Amino acid sequence: MKGLLYCGFLLNKKWFLGAGIITVLGTAVCFILFKSFWNGNIIMPPVCGAVQAITAFICTEWLGRSLETDIKCRFADYVLVSGISKKTFVLVELVKNIISIATSFAMCMVMQLVLRLLDKQAFDPILLLVYILILGASRWITSLITISLRNAEKAGLIVAIGFVLFVVLPYVFIGVSIDKIGSFGYCIWYFTEYLIWLGYEWVLGLLFYAVIIGVYAIVYVLFLRRIRKGDVCR
């Protein structure tokens, strides 16, 4: 397992180097914007957010592409017939995912800590963690779909479309059209607002983390059922 992880990260270190460069350059740009414009404190937060999003995407983009390459060159099949169990194979992919999102979170946190000296609005570790966990879960789902399609780009497109249709649009629909939606949507909105009013935001946080863990667990089980010894994509 250690050998597979070492090989995977060594062959794809350019993605992390690129993310690190983007983080450094983005921090410098935000610093210049803050010092060069009278309303720099307004311009910097969205730019900072965009740079962090790019950093996170670069750090995790290699996951699907690496798996696609391993499948097409039959390296994944070779690993599975050489004594590596299916559980170990899937666990390696899971650990790659977790290390990648942890690395992206660390890079973004360094950027936030530096920019916090200029503007406290640039420092929001909780919101950053939420976005990183959502990205990590989506990448984990993408890896599962890549096994079947042998194409990381198509898998990513499917996950992106599904996320927009089943997460983003319902959220916008409930938030914007609260007076026009049915009782179920209203109950969700009212429950959320009531918990916040009581000061129980931590309950919403626990629900979010439970959903993320549930997604990882379900995809892990499906991943195990999908893998076959000797022919990953049969």
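Every value quoted in this text rests on a predicted model; they were computed, and no experiment measured them.
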Could you please spell out the steps behind the side-chain contact (heavy atoms from CB on, under 4.5 Å) verdict for Trp62 and Leu11? CA-CA 10 Å; Trp62 73 279; Leu11 293 176; over 6 Å; no

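- By the ring-ring contact (aromatic ring centres under 6.0 Å, His included) test, Phe105 is found to be paired with no residue, residues two or more places apart in sequence or in another chain being considered.
- A 6.0 Å sphere centred on CZ of Phe208 holds more than 12 heavy atoms belonging to other residues, nucleotides or ligands.
- Residues passing the side chain to side chain donor-acceptor pair (under 3.5 Å) test with Lys72 are Glu68, sequence neighbours excluded.
- More than 12 heavy atoms of other residues, nucleotides or ligands shown are found within 6.0 angstrom of CZ on Phe9.
- The CD1 atom of Ile58 lies 12.0 Å from the NZ atom of Lys14; values are rounded to the nearest 0.5 Å.
- Nearest heavy atom pair, residue Val51 against residue Thr23, reads CG1-CA, 4.5 Å.
- Minimum interatomic distance between Leu80 and Ser85 (heavy atoms only, all atoms of both residues): CD2-O, 4.2 Å.
- Residue pairs meeting the salt bridge (charged side-chain N to carboxylate O under 4.0 Å, His left out) criterion with at least one member in residues 129-141, sequence neighbours excluded: Glu61-Arg139.
- Taken together through direct or relayed side-chain contacts under 4.5 Å among Ile, Leu, Val, Met, Phe, Trp and Tyr, Leu157 and Val164 form part of one hydrophobic cluster.
- Atoms CD and OG1, from Glu153 and Thr142 in turn, are 12.0 Å apart once rounded to the nearest 0.5 Å.
- Interatomic distance, OG of Ser104 versus CD1 of Ile99, reported as 12.0 Å (0.5 Å rounding).
- Residues meeting the side chain to side chain contact (heavy atoms under 4.5 Å, CB included) test with Leu94, sequence neighbours left out: Leu91, Ile98, Trp140, Tyr216, Tyr220.
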Let's go through Val215 and Ile141 carefully: what are the C-alpha distance in whole Å and the side-chain angles of both, what is the deciding distance for side-chain contact (heavy atoms from CB on, under 4.5 Å) to 0.1 Å, and is it a yes or a no? CA-CA 8 Å; Val215 169; Ile141 297 172; 3.9 Å; yes

Check step by step if side-chain contact (heavy atoms from CB on, under 4.5 Å) holds for Val92 and Ile84. CA-CA 11 Å; Val92 167; Ile84 299 297; over 6 Å; no

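- Hydrophobic clustering places Ile218 together with Phe223 (ILVMFWY residues linked when any side-chain heavy atoms are closer than 4.5 Å, directly or through intermediates).
- Counting only residues at least two apart or in different chains, salt bridge (charged side-chain N to carboxylate O under 4.0 Å, His left out) contacts with residues 95-104 comprise Glu93-Lys96.
- Taking every heavy atom of both residues into account, Ile101 and Gly136 meet most closely at CG2-CA, 3.5 Å.
- In the hydrophobic clustering of this structure, Val110 does not group with Leu128; members are Ile, Leu, Val, Met, Phe, Trp, Tyr whose side-chain heavy atoms approach within less than 4.5 Å, directly or through other members.
- The line from CD1 of Ile134 to CG of Leu129 is 10.0 Å long, rounded to the nearest 0.5 Å.
- Between Arg65 and Trp15 the shortest side-chain heavy-atom distance falls below 4.5 Å.
- With sequence neighbours excluded, no residue forms a salt bridge (Lys or Arg N to Asp or Glu O under 4.0 Å) with Lys13.
- Rounded to the nearest 0.5 Å, atoms CG (Leu67) and CD1 (Ile145) are 12.0 Å apart.
- Criterion: ILVMFWY side-chain heavy atoms under 4.5 Å apart, direct or through other members. Under it, Leu17 and Ile22 are not part of a common hydrophobic cluster.
- Note that the CG atom of Asn12 and the SG atom of Cys7 stand 8.5 Å from one another [nearest 0.5 Å].
- What you find for Ala152 and Thr146 is that their closest heavy atoms are CA-OG1, 3.7 Å.
- Smallest separation of non-hydrogen atoms from Ser100 and Cys59: CB-O, 3.6 Å.
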Between Leu207 and Val211, is a side-chain contact (heavy atoms from CB on, under 4.5 Å) present by the stated rule, with each step listed? CA-CA 6 Å; Leu207 289 174; Val211 170; 5.6 Å; no

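- Residues Ile227 and Lys86 come closest through the heavy atom pair O-CD, 3.3 Å.
- Criterion: ILVMFWY side-chain heavy atoms under 4.5 Å apart, direct or through other members. Under it, Ile147 and Phe75 are part of a common hydrophobic cluster.
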